[in-house]
Amino acid sequence: LNSFQGNDDSDEARKSQFLLAGLAGLGRVDAGAARDFGATLGVDLARQTRWTRLIDAAADYNNQALVVLLAGLGMQGDGWNRMTALHLYHIVSALNRVGLGAEARMIAAEAVARG
């Protein structure tokens, strides 16, 4: 993460924020490391909103269809500049938890590439 950030020339280190969110959502980053690196980037993946609580609850109930609908809702916008690391984290995490790991990885990779 540190070496990626060191080479990140995107606005406000958006690609690094997305990399952190994607890897954390996939469970590939230790929670403490995610929190520390998030603090460096100004990203709080633990922050809750009404939408984050809804998508997390849908994943808790293993409701794949509702997770997909809420992920689509969370991705509304006219470009990747409208996506936040918080939304990406919850989308990737919820998709992965309901058995849509390939889709979760694809969205995470796309976000980093386009961030």
Side-chain angles (χ1 to χ4, degrees):
L1 290 171
N2 286 325
S3 64
F4 186 91
Q5 182 195 12
N7 294 311
D8 184 0
D9 61 355
S10 63
D11 291 341
E12 298 178 8
R14 177 177 294 280
K15 289 185 179 201
S16 294
Q17 292 175 5
F18 285 170
L19 179 64
L20 171 64
L23 291 175
L26 292 168
R28 306 261 170 90
V29 176
D30 174 78
R35 185 177 49 256
D36 293 345
F37 196 66
T40 300
L41 295 171
V43 173
D44 180 8
L45 298 179
R47 188 170 67 86
Q48 292 287 306
T49 67
R50 184 174 181 191
W51 177 85
T52 63
R53 286 188 293 275
L54 288 171
I55 197 166
D56 287 346
D60 288 344
Y61 283 104
N62 200 30
N63 188 332
Q64 200 175 67
L66 186 54
V67 165
V68 169
L69 286 170
L70 289 167
L73 180 65
M75 293 179 71
Q76 292 298 306
D78 57 4
W80 284 98
N81 61 329
R82 299 290 189 183
M83 173 67 74
T84 68
L86 180 68
H87 278 79
L88 181 64
Y89 167 71
H90 285 278
I91 289 167
V92 170
S93 175
L95 288 170
N96 195 47
R97 289 167 48 202
V98 298
L100 297 172
E103 291 81 357
R105 290 188 301 277
M106 179 199 63
I107 289 170
E110 190 73 17
V112 173
R114 293 183 181 256

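All values reported here derive from a predicted model rather than from experimental measurement.
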Run the side-chain donor-acceptor check on residues 100-110: report pairs under 3.5 Å with partners two or more places apart or on a different chain.
from, atom 1, to, atom 2, distance (Å)
R105, NH1, G101, O, 3.3
E110, OE2, R114, NE, 2.2
E110, OE2, R114, NH2, 3.1

Gap separating the [atom1] atom of [X] from the [atom2] atom of [Y], nearest 0.5 angstrom:
{"X": "I91", "Y": "N96", "atom1": "CD1", "atom2": "CG", "result": "13.5 Å"}
{"X": "N81", "Y": "D11", "atom1": "CG", "atom2": "CG", "result": "9.0 Å"}
{"X": "F37", "Y": "L1", "atom1": "CZ", "atom2": "CG", "result": "5.0 Å"}
{"X": "T40", "Y": "Q5", "atom1": "OG1", "atom2": "CD", "result": "6.5 Å"}

Which heavy atom in [X] sits nearest to a heavy atom in [Y], and how many Å separate them?
{"X": "V67", "Y": "A59", "result": "CG2-N, 3.6 Å"}
{"X": "L86", "Y": "R47", "result": "CD2-NH2, 3.2 Å"}
{"X": "A85", "Y": "V43", "result": "CB-CG1, 3.8 Å"}
{"X": "V29", "Y": "A24", "result": "CG2-N, 4.1 Å"}
{"X": "F18", "Y": "T84", "result": "CE2-C, 3.9 Å"}
{"X": "E12", "Y": "Q17", "result": "O-NE2, 3.1 Å"}

Is the side chain of [X] donor-acceptor paired with the backbone N or O of [Y] at a distance under 3.5 Å, no angle test?
{"X": "R97", "Y": "N62", "result": "no"}
{"X": "D8", "Y": "S16", "result": "yes"}
{"X": "S10", "Y": "G115", "result": "no"}

Does any non-hydrogen side-chain atom of [Y] lie less than 4.5 Å from one of [X]?
{"X": "D56", "Y": "Q48", "answer": "yes"}
{"X": "D78", "Y": "R82", "answer": "yes"}
{"X": "V112", "Y": "F4", "answer": "yes"}

Exercise for review: Take M75 and M83 through the side-chain contact (heavy atoms from CB on, under 4.5 Å) test and state the conclusion after the steps.
Suggested key: CA-CA 6 Å; M75 293 179 71; M83 173 67 74; 3.4 Å; yes
